[in-house]
Structure formats: structure tokens, C-alpha cells
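Counting starts at 1 for both ligands and their atoms, following the listed order.
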Amino acid sequence: MTLSEDTHTSHGASRSEPHASSTSSQLSSAQALPELKTRIKAGLRTYPDFPKKGILFEDIFPLFSSHSLHQDLIRAYELQILESFGPGNTPDVIVGLDARGFLFGPTLALKFGAGFVPVRKEGKLPGRLETATYEKEYGTDTFAIQADSIQPGQKVLIVDDLIATGGSASAAGTLVNKCGGTLLGYIFIIELTFLGGRNKLNAPVYTLLESQSE
Ligand SMILES: O=P(O)(O)OC[C@H]1O[C@H](OP(=O)(O)OP(=O)(O)O)[C@H](O)[C@@H]1O
Ligand SMILES: Nc1ncnc2[nH]cnc12
């Protein structure tokens with residue numbers, strides 16, 4: 001067993017019980033979202049001092065190793081997007097951030113009849129690019145987007161798993177603007193509220209869960 005396996009903590013309830021996602025899909029959004037969020041929160045794991053000392057790492061992968069939690073996550077995102085932007089104002093394009101935004105961005109694009117566009121780490125995309133360098137909670141990176149992947153005026157929603165300092169999301173917003181997209185907003189699973197990352201963003205921010213603790 002590795003040190004991180006040994007020291008991990010779960011956010012709450014048992015992770016092994018199967019969930020009845022179909023029950024939630026029959027409920028209205030107002031009823032279903034809190035129930036979905038509770039299950040998602042219980043499915044997350046935290047690891048102290050990863051990838052660096054002092055960082056409490058929020059691991060979202062248990063949400064994908066369970067079929068029912070994966071369904072819950074996609075349904076929660078769907079309901080949150082509809083509630084936040086309204087059924088008449090859904091995105092034309094979902095932009096997902098490298099790498100964890102790629103896990104659910106394409107699925108959400110299919111749900112909303114939208115396109116999916118990746119924002120990738122530097123050196124991975126061919127063609128004419130827009131780029132932006134940024135700082136995040138545990139390092140510095142450069143993001144790139146293919147310059148012609150968004151048409152001017154298209155409504156864009158940026159999706160990622162987590163907002164910490166907001167550096168990654170802010171850089172992605174800059175890239176969408178450089179391409180001429182209209183940024184509807186951002187949506188995340190978790191917000192590390194103590195870092196105040198949403199204050200860096202110039203469009204509405206929605207999150208399924210908040211983590212207050214440092
Ligand atoms: O708000 P910030 O301080 O910018 O941090 C948030 C970003 O950090 C993580 O990605 P990471 O760059 O670690 O890449 P990964 O998805 O490849 O693990 C996370 O998935 C966000 O994209
Ligand atoms: N604390 C954290 N946990 C998981 N991903 C992160 N990305 C930036 N900060 C993070």
C-alpha cells in the first residue's frame with residue numbers, strides 16, 4: 001500500500017453502495033440536485049501532501065470507477081447547467097480543460113447538442129493556436145486552443161473538475177475570448193473556496209460542491 005492510499009480520507013458516506021440514479025432522473029431538478037450532490041461528495045477522496053507538501057489533493061477518479069456515480073455526476077452537471085443558464089440559453093460549444101475536463105466535457109456536449117473543444121497543455125495541438133501561460137495551485141503551465149475551433153459569437157461554457165487559484169480557468173477564458181467566443185460561464189465539480197479563484201474570472205461561476213478547508 002502506498003503512503004497516499006494509507007492516508008486518504010473520504011468525504012463522508014460509504015463509497016461501495018450502488019445508487020439508484022434512475023430515481024433521480026425521475027425527480028425535478030430542484031429535488032434531484034441536492035441528492036446527487038450528496039452522493040458525489042461522498043464519492044470523492046482527499047489525499048494530503050499530494051503532489052506537493054501542503055496541498056490537500058481532491059481526487060475525482062472514484063466518480064468514474066463507479067458506473068452509478070459516473071451517471072450521477074453527468075446528471076448533476078446537466079441539471080446544474082439547465083438551472084444556471086436556463087433551457088433557452090444552453091451552450092453551442094463546451095470547452096474542456098486538459099486533462100480532467102476531458103472526462104465529462106464530450107458527454108455534456110452530446111447532452112446539449114453542442115460541440116466539444118479541448119484546451120490542451122502546450123505542445124500537444126497542431127495548427128494555428130492561441131496560447132496563454134498561467135499559475136495554478138501547484139505550478140505554472142501554458143494552455144493552447146486551436147484558433148479556428150470556436151466561431152465568433154458562439155456561446156461557450158468552460159468545464160473542469162476543480163477550481164483552486166482560478167489560474168487555469170482564467171487562462172482558458174482568455175483563450176475563448178481570443179477566438180471570438182461569447183463566454184457564458186464556468187462550471188466545476190469542486191471549488192476550493194479559501195483560495196478565492198472565482199474572483200479571477202470574468203463570467204458567472206457555478207460549482208456542484210465547495211471545499212472550505214485548506
Ligand atoms: O485553479 P487552479 O489553481 O488553476 O487549479 C485547477 C487546475 O488544476 C488541475 O489540473 P492540472 O493542471 O493539475 O492538470 P491535470 O488535469 O492534467 O491533472 C485541475 O484539474 C484544474 O484544471
Ligand atoms: N487541491 C487540488 N486537488 C486536485 N486538483 C487540484 N488542482 C489544483 N489544486 C488541486
In Thr90, Ile81, Val95, the residue satisfying side-chain contact (heavy atoms from CB on, under 4.5 Å) with Leu157 is Ile81

For the residue pair Tyr186 and Phe188, does the interplanar ring angle fall in the parallel (under 30°), tilted (30 to 60°) or perpendicular (over 60°) class? parallel

With the side chain counted from C-beta on, respond yes when Lys41 and Lys37 share a heavy-atom pair under 4.5 Å apart, and no when they do not. no

Let me see the working for Leu63 and Ile189 under side-chain contact (heavy atoms from CB on, under 4.5 Å), right down to the final yes or no. CA-CA 11 Å; Leu63 302 179; Ile189 304 173; 4.3 Å; yes

Hey, mind stepping through Asp92 and Thr182 against side-chain contact (heavy atoms from CB on, under 4.5 Å) and telling me if it holds? CA-CA 10 Å; Asp92 302 313; Thr182 300; over 6 Å; no

Please list every donor-acceptor pair under 3.5 Å in which a side-chain atom of residues 110-123 meets a protein atom from a residue at least two apart or in another chain.
residue : atom : partner : partner atom : Å
Arg120  : NE   : Asp98   : OD2          : 3.4

Does ligand 2 have any N/O pairs with the protein under 3.5 Å, and how far apart?
residue  : atom  : partner : partner atom : Å
ligand 2 : 1 (N) : Leu56   : O            : 2.9
ligand 2 : 1 (N) : Glu137  : OE1          : 3.0
ligand 2 : 3 (N) : Glu58   : N            : 2.9
ligand 2 : 5 (N) : Arg100  : NH1          : 3.0
ligand 2 : 7 (N) : Tyr138  : OH           : 3.2
ligand 2 : 9 (N) : Glu137  : OE1          : 2.5

Mind listing the side-chain donor-acceptor pairs of residues 131-150 below 3.5 Å, one per line with the distance, residues two or more places apart or on another chain?
residue : atom : partner : partner atom : Å
Thr133  : OG1  : Thr142  : OG1          : 2.8
Lys136  : NZ   : Asp141  : OD2          : 2.9
Tyr138  : OH   : Arg100  : NH2          : 3.3
Gln146  : NE2  : Pro126  : O            : 3.0
Ser149  : OG   : Gln146  : O            : 2.6

If you define the side chain from C-beta out and look only at heavy atoms, does anything of Thr207 sit under 4.5 Å from Thr193? no

Does the side chain of Leu162 reach to within under 4.5 Å of the side chain of Ile60, using non-hydrogen atoms? no

Ligand 1: protein residues within heavy-atom distance under 4.0 Å: Asp98, Ala99, Arg100, Lys121, Lys136, Glu137, Tyr138, Asp160, Asp161, Leu162, Ile163, Ala164, Thr165, Gly166, Gly167, Ser168

